[in-house]
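Following: one structure in structure tokens, then a few remarks.
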Number of protein chains: 2
Amino acid sequence: MESKPELDAKDWQLLEALQRDARLGYAELGRKVKLSAPAVAERVKRLEDAGVISGYRAVVEPKRLGYRIEAMVRLRCDGGICARIGQIVADIPEVLDCRRLAGEDSALLRVVAMSIGHLESVLDRLLKIHASVSTTTLIVLQAPHANRAVTRTMWDAARKLPLD
Amino acid sequence: MESKPELDAKDWQLLEALQRDARLGYAELGRKVKLSAPAVAERVKRLEDAGVISGYRAVVEPKRLGYRIEAMVRLRCDGGICARIGQIVADIPEVLDCRRLAGEDSALLRVVAMSIGHLESVLDRLLKIHASVSTTTLIVLQAPHANRAVTRTMWDAARKLPLD
DNA sequence: CATGAAACCCCGAATTA
DNA sequence: TAATTCGGGGTTTCATG
């Protein structure tokens, strides 16, 4: 299930190709990396089993579904609440991301909403969690990069940097 | 290429299934939705052409590749620089997300790094952009939710909320 | 939207390097 | 240990109704 993956050049090519288009078939992937389809399938399975690839997702654009607003919500709250923030916001589907932080804020959420009124209703639900919760909301103007691919050149460059 | 999508129940089922597993074939999707494979293919193509689905991506776990650190970096800088922040951080591959914000901070980045030293080098590169740039770095402790799916129940609930 | 036919792809097993 | 070849069965795609 894990240990040291240690990817070779072809693994990286597969990884990058699947980040670009997760629906590519093994045959087509094999063409790109100069390998037979079964060989590709085995490598991909290894990447999945190692947890390097944890899934494949269609990227949907909330804007196209009427969610005109995206906002980042900085959240401060008591330790007890924050420890369970993940479970709590599970009931608020407009929260697409939830990360617990070390620092000034206890958590950072990414929220989508159809309108300002809708955003307000999401914030209300967040504030209703507990009296200790307070929020700072930042409207997203644009997202020049979202979920960029992890690449081999990126990894190589990092390995050449100062050690741990 | 666009206009009013207006999805029906089957479109939503397909959308949700593909967000869970983007590699599902049309035949298997058809089984889930009770539709023939060609019908599924046409619906999926429509969703793609409408921009509702903008792509399919393998989800890779930076941690499994040695990126032990994830951090959110709040960025403040002059208007001229911030307007081009997307292009600028394109050269810093450790920046996986970049969003421009309205509010206190001008942008919010998500960064991965192999070590504290590596993170430091990323911050150095960010500060070297321009003298007006300053950063606040928040280490991510955990991400209870990342890129949650957009669902039909979520969309339905929103439509029943107060109007615009 | 379903059906049917042709081409293609996937998968497992056996083989080879 | 890892990749290739090969055959059976399922899948995609395009035509048609």
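All chains are named by letter (A, B, ...) in the order of the sequence lines, taking the proteins before the strands, and each is independently numbered beginning at 1.
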Can you sort out the partners of K45(B) under side-chain hydrogen bond (donor to acceptor under 3.5 Å, both in side chains), two or more places apart, ordered by chain and number? D49(B)
Going by side chain to side chain contact (heavy atoms under 4.5 Å, CB included), name the residues that satisfy it together with R76(A), two or more places apart in sequence or in a different chain. R74(A), D105(A), S106(A), S134(A), T136(A)
What side-chain donor-acceptor pairs closer than 3.5 Å can you find for residues 25-38 of chain B, not counting sequence neighbours?
residue, atom, partner, partner atom, Å
S36(B), OG, A39(B), N, 3.4

Identify, with sequence neighbours excluded, every residue that meets side chain to side chain contact (heavy atoms under 4.5 Å, CB included) alongside D97(A). R99(A), R110(A), N147(B)
For R152(A), side chain to side chain contact (heavy atoms under 4.5 Å, CB included) partners two or more places apart: W12(A), E16(A), D156(A)
To the nearest Å, how far apart are K45(A) NZ and dA2(D) P? 13 Å
Applying salt bridge (Lys or Arg N to Asp or Glu O under 4.0 Å), can you list everything that pairs with D124(A), at least two apart in sequence or on another chain? none
With sequence neighbours excluded, residues passing side chain to side chain contact (heavy atoms under 4.5 Å, CB included) with L127(A): V133(A), T135(A)
Report, one pair per line, the protein and nucleotides 15-17 of chain C atoms (nitrogen or oxygen only) whose separation is under 3.5 Å.
none

Contacts of C77(B) that satisfy disulfide (SG to SG under 2.5 Å) - sequence neighbours left out: C82(B)
How many Å lie between CZ on R43(A) and C1' on dA2(D), as a whole number? 8 Å
How far does CD1 of I92(B) sit from CD1 of I129(B), to the nearest 0.5 angstrom? 5.0 Å
Atom NZ of K34(A) and atom P of dT4(D) are separated, to the nearest Å, by 12 Å
Find the bend of the helix from dC1(C)-dG17(D) to dA17(C)-dT1(D) as the angle between its two terminal axes (five pairs each), to the nearest 10°. 30°
Heteroatom pairs (N/O) under 3.5 angstrom, protein to nucleotides 11-14 of chain D:
residue, atom, partner, partner atom, Å
dT11(D), OP1, R31(B), NH2, 3.1
dT11(D), OP2, R31(B), NH2, 3.2
dT12(D), OP1, Y26(B), N, 2.7
dT12(D), OP2, Y26(B), N, 3.3
dT12(D), OP2, A27(B), N, 2.5

Do any pairs count as a disulfide bond (SG atoms under 2.5 Å apart) and have a residue in residues 89-154 of chain B, sequence neighbours left out, and if so which ones? none
